[in-house]
Amino acid sequence: MKITIGLINGMITAATPILLAALGGTLTFYAGIFNIAMEGMMLAGAFFAVIGSYYFGSWVMGILFAVLASLVMVAIFILFSVVLKTDEFVTGIGLNLFALGSTTYLLRQIFKVKGAFSGPGIVSVPNYDLPLIKDIPLAGEILSGQNLIVYLTLLITIWVAYLVFKTRFGLRLRAAGYNATCLDISGVPSDHMRIWSLILCGVLCGLAGAYLSLGYVTLFSENMSAGRGWISLAAVILVNGNPWGIALISLLFGFSDGLGLFLQRVLPSQFTSMVPYVATLIALFVYSVRRKEAAI
Amino acid sequence: MQQKIINGLVGVLVAMLLGAGVMLVQGYQPLETYTALFNYSLGNWYSIATTLRNSVPLILTGLSASVAFASGPVNLGQPGQLVMGALAATIGGLYLDLPAPLMLPVLIFLALVGGALWSGVAALLRYWFNMSEFITTLMLNMIADFFTYWAISYPFFDKSAYSPMTPPINKSGWLPEFGEFNSSVLIMVMAFVVVWFIFTRSLAGYEWRISGQNGLFARLGGVEIDRNYMWVMLLTGALAGLAGGLVVLAGPHRFIKDIGANYAWDGVMIAMVANNGIVATLLYGLFFAVLQTGALGMELITAVPSELIMVIQAVIVLVVVAGRGYLEILMNKLAERRKMQERAL
C-alpha cells in the first residue's frame with residue numbers, strides 16, 4: 001500500500017511542472033504561436049525563485065521573482081517574434097539558450113559555485129494539509145499534504161479550461177490562432193491576443209520553475225529543467241491543446257517518471273531515467289497511428 | 001551579400017556592447033576583458049591552432065543543422081547523434097588495433113555510422129509512423145545521453161578511473177598532431193568541402209534545397225520527397241556523429257562523461273545566425289570558436305566568468321536574426337524611396 005501511495009505522490013510531483021508549463025503552452029498554441037521557449041522560461045523561473053527565496057527569506061518572494069524572471073523572457077519573446085516578426089522557432093531556441101547561458105553565468109557570478117547551489121537559506125514552498133480530507137484513510141494521504149503549487153495547479157487547470165472555452169477572451173484567443181485576419185478585421189488586434197497569451201504562459205512557466213527549485217527540492221542546478229519544457233510541448237501537440245487532455249498526459253508522464261524510480265531495483269538508473277522520454281515517443285506513436293486510422 | 005555582412009557585423013557589435021554593459025555593471029573593464037579574450041584565442045600561432053581545433057565540433061554540428069534546416073527536416077538531434085558517433089568511434093578504438101593509416105579511416109567511418117544510425121531512427125519513425133522529427137530527435141537526445149552514460153559506467157568503464165569514462169583508445173587511433181595543430185581540422189575541412197559540393201553543386205543538393213524552400217513545388221517537379229528526406233537525415237546525423245568522433249580522436253582519446261559539452265546546441269545556434277548558409281556556417285563557427293577559446297583566457301586574466309560567453313552567443317543569435325528581418329524591411333523602404341525620388345525628377 002505504501003508503495004502505491006508513494007508512486008501516486010511521485011506521479012503528482014513529476015506531473016506538476018510539466019502540467020503548468022503545458023497549460024501555458026496551450027494558451028499560446030491556441031493563439032497560433034509556435035512557442036518552444038517554455039524550457040527557457042521555466043529555467044529562468046527556477047533560478048530566480050532561488051534568488052528571491054534566498055535573499056528575502058520567503059517563498060512568496062521566490063515565486064514572485066520566478067514569475068518576474070519568466071516574464072522578462074516573455075518580454076524578449078514578444079519584442080522579437082511579435083514586434084520584429086522574427087521567426088518564432090529561432091526566437092524560441094535563442095531564448096532557451098539565452099536562459100541556459102545566463103542562469104549558468106549568474107549561478108557562478110552570484111553564488112560562486114559551478115553546477116548546483118543549495119543552502120539552508122533557501123525557503124521552500126510549504127505543503128498544506130487539507131482540514132477534513134486528511135482524515136480520510138486512503139485519499140487523505142494522497143489529496144492532503146501536497147505542495148501549495150500542486151493545489152494551485154489543479155485550480156489553474158480548471159481555470160484555463162474555463163478561460164479558453166467559456167469566455168470572450170478565450171474565443172478571441174482561439175480566433176487569433178484560427179484566423180488572425182478575421183479577428184483583426186472584427187476590431188480585435190490579434191497581436192494583443194498573442195501578447196496576452198504569452199504573458200499568461202510566462203506566469204505559468206514561472207510557477208513551474210518555482211516548483212522545480214522550491215517545490216520538492218530546495219536547490220538550483222545547471223539546466224535544471226532538463227527537457228521538461230520539450231515534454232510539455234509534446235503534451236500540447238498530442239492532445240491538440242485541450243487542457244483536460246494535457247492534465248491526463250502530464251499525469252501519465254508523471255507516472256512513467258515514478259515508474260522509472262521504481263524500476264531502479266532491477267535496471268541501472270541510466271535506463272530508468274530514460275523512461276519519461278521513451279514514454280513521450282510511445283505517446284507520439286499512438287497519436288500518429290490513431291490519426292492515420294482516423295484519416296482512413 | 002553586402003547586406004549579410006553588414007547585418008552580421010552589426011549583430012556581433014551590438015551583442016558585444018551588451019556584454020560590455022553587463023561587465024561595466026559588475027565592475028569589470030570591458031576593453032581589457034575583450035583584449036584578453038581575443039589575445040587568448042588569436043594572439044599567436046599556438047592560440048590560433050587551439051581555436052581551430054575547438055572550431056571542429058562547432059562547425060560540423062553547425063553544418064549538420066544548416067543542411068537539415070535548409071532542406072526541410074527539423075533535425076534537432078545533433079546532441080544525441082554527436083555522442084552516439086563519439087561512442088561508436090570509442091568502442092572501435094578500444095577493440096580494433098590496426099595500423100594508423102587504416103585505423104583512422106575505420107574509426108571515422110564508425111563515427112559517421114554511429115551518428116547516422118541515431119538520426120536514422122528518427123527518420124524511420126517519421127517514414128513509417130509519420131512522427132514529427134522535431135520532437136522525436138529531442139527525445140532521442142535525452143535517451144542517447146543516458147545510454148552513453150550507461151555505456152561508460154558499466155560495459156566500457158575504465159576500472160582505474162574514479163568517474164565514468166572509458167579507457168583510452170589504442171594509440172594508432174589518435175589523430176596526429178603537428179605542434180599544436182591537430183589534424184582533426186583537416187578532416188573537418190574535407191567534410192566541409194564535400195558537404196558544400198553536395199549541397200550547392202549536385203543534383204541531390206538542388207533537390208534538397210528546393211524541397212526546403214517549397215515542398216509542394218519540389219514534389220510537383222518530380223522530386224522524391226521521402227527518399228531525399230531520408231538522405232538528409234542520414235547525412236546530417238553522420239555529420240554530427242563525425243563531430244563527436246573527432247572530439248574523441250583529437251582530444252582526450254576516450255569517452256568522458258559530458259564529452260558532448262554544449263557543442264551541438266552551439267552548432268544549432270550557428271546554423272541559425274548563418275541563416276543555414278554553408279559558407280556562413282563555417283565563418284560563424286570560426287567566430288564562435290574564437291569566443292569560446294578566448295573565454296578561458298578572459299577568465300584567467302580578468303576574472304570574468306567564462307560563462308558570460310554563453311550569454312553573448314545567444315544575444316548574437318537573437319540580434320542577428322532579428323536584424324536580418326528588420327534590415328530587409330528597411331532596405332526595401334529605402335529602395336522604394338529612391339525610386340520615388342527618381343520618378344519625381
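Basis for what follows: all heavy atoms, side chains included, without hydrogens, waters or symmetry-related copies. Chain letters run A, B, ... following the sequence lines, proteins first, then strands; residues in each count from 1. Note that this is a predicted model, so its numbers are computed, not measured.
- One finds the CG atom of B:Asp145 at 9.0 Å from the OH atom of A:Tyr277 (value rounded to the nearest 0.5 Å).
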* Please walk me through it: do B:Val74 and A:Phe89 pass side chain to side chain contact (heavy atoms under 4.5 Å, CB included)? -> CA-CA 10 Å; B:Val74 190; A:Phe89 176 73; 3.6 Å; yes
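- Annotation: maximal heavy-atom pairing with chain B below 4.5 Å, among A:Ile93, A:Thr91, A:Leu95, occurs at A:Ile93.
- B:Thr136 places none of its side-chain heavy atoms less than 4.5 Å from the side chain of A:Thr280.
- Interface check for chain A: of the options B:Gln313, B:Met269, B:Met310, B:Met142, the most heavy-atom pairs under 4.5 Å are formed by B:Met142.
- Side chains of A:Arg108 and B:Glu299 form a contact here, defined as non-hydrogen atoms less than 4.5 Å apart.
- At a threshold of 4.5 Å between non-hydrogen side-chain atoms, the residues A:Phe285 and B:Met131 count as touching.
- Residue A:Ser102 touches chain B through both its backbone and its side chain, counting heavy-atom pairs closer than 4.5 Å.
- In plain terms, the two heavy atoms of B:Ala314 and A:Gly94 that are nearest each other are CB-O, 4.0 Å.
- When heavy atoms are compared at a cutoff of 4.5 Å, B:Ser132 does not approach chain A at all.
- Heavy atoms of A:Ile231 lying under 4.5 Å from chain B belong to its backbone as well as its side chain.
- With rounding to the nearest 0.5 Å, the separation of CG in A:Leu107 from CD in B:Glu307 is 8.5 Å.
- Atom CG in A:Leu281 sits 9.5 Å away from atom CD1 in B:Ile135 (nearest 0.5 Å).
- Between chain A and the residues B:Leu308, B:Val304, B:Asp266, the largest count of heavy-atom pairs under 4.5 Å involves B:Leu308.
- Residues A:Leu100 and B:Asn262 have side chains in contact (heavy-atom distance under 4.5 Å, counting atoms from C-beta outward).
- Taking CZ from B:Phe147 and CD from A:Gln270, the interatomic distance works out to 11.0 Å, rounded to the nearest 0.5 Å.
- Per-residue counts of heavy-atom pairs under 4.5 Å with chain A were compared for B:Val317, B:Ile143, B:Asn130; the largest is that of B:Ile143.
- The neighbour count for B:Gln29 CD, taken as heavy atoms of other residues, nucleotides or ligands under 6.0 Å away, does not exceed 12.
- Looking at A:Phe80, the atoms closer than 4.5 Å to chain B (heavy atoms on both sides) all sit in the side chain, from C-beta outward.
- Looking at A:Phe98 and B:Val315, their side chains come closer than 4.5 Å, going by heavy atoms from C-beta outward.
- In terms of heavy-atom pairs under 4.5 angstrom with chain B, the leader among A:Leu97, A:Ile237, A:Asp87 is A:Leu97.
- Contacts between B:Ile316 and chain A at a heavy-atom distance below 4.5 Å are absent for every atom of the residue.
- A centroid separation of 6.0 Å or more is found between the aromatic rings of A:Phe271 and B:Tyr149.
- Atom CH2 of B:Trp150 is separated from atom OG1 of A:Thr272 by 13.0 Å, given to the nearest 0.5 angstrom.
- For the pair A:Ser288 (side chain) and B:Phe129 (backbone), a donor-acceptor distance under 3.5 Å is present.
- Side-chain contact between A:Tyr105 and B:Val22 is present, with heavy atoms from C-beta onward closer than 4.5 Å.
- No more than 12 heavy atoms of other residues, nucleotides or ligands shown are found within 6.0 angstrom of NZ on B:Lys333.
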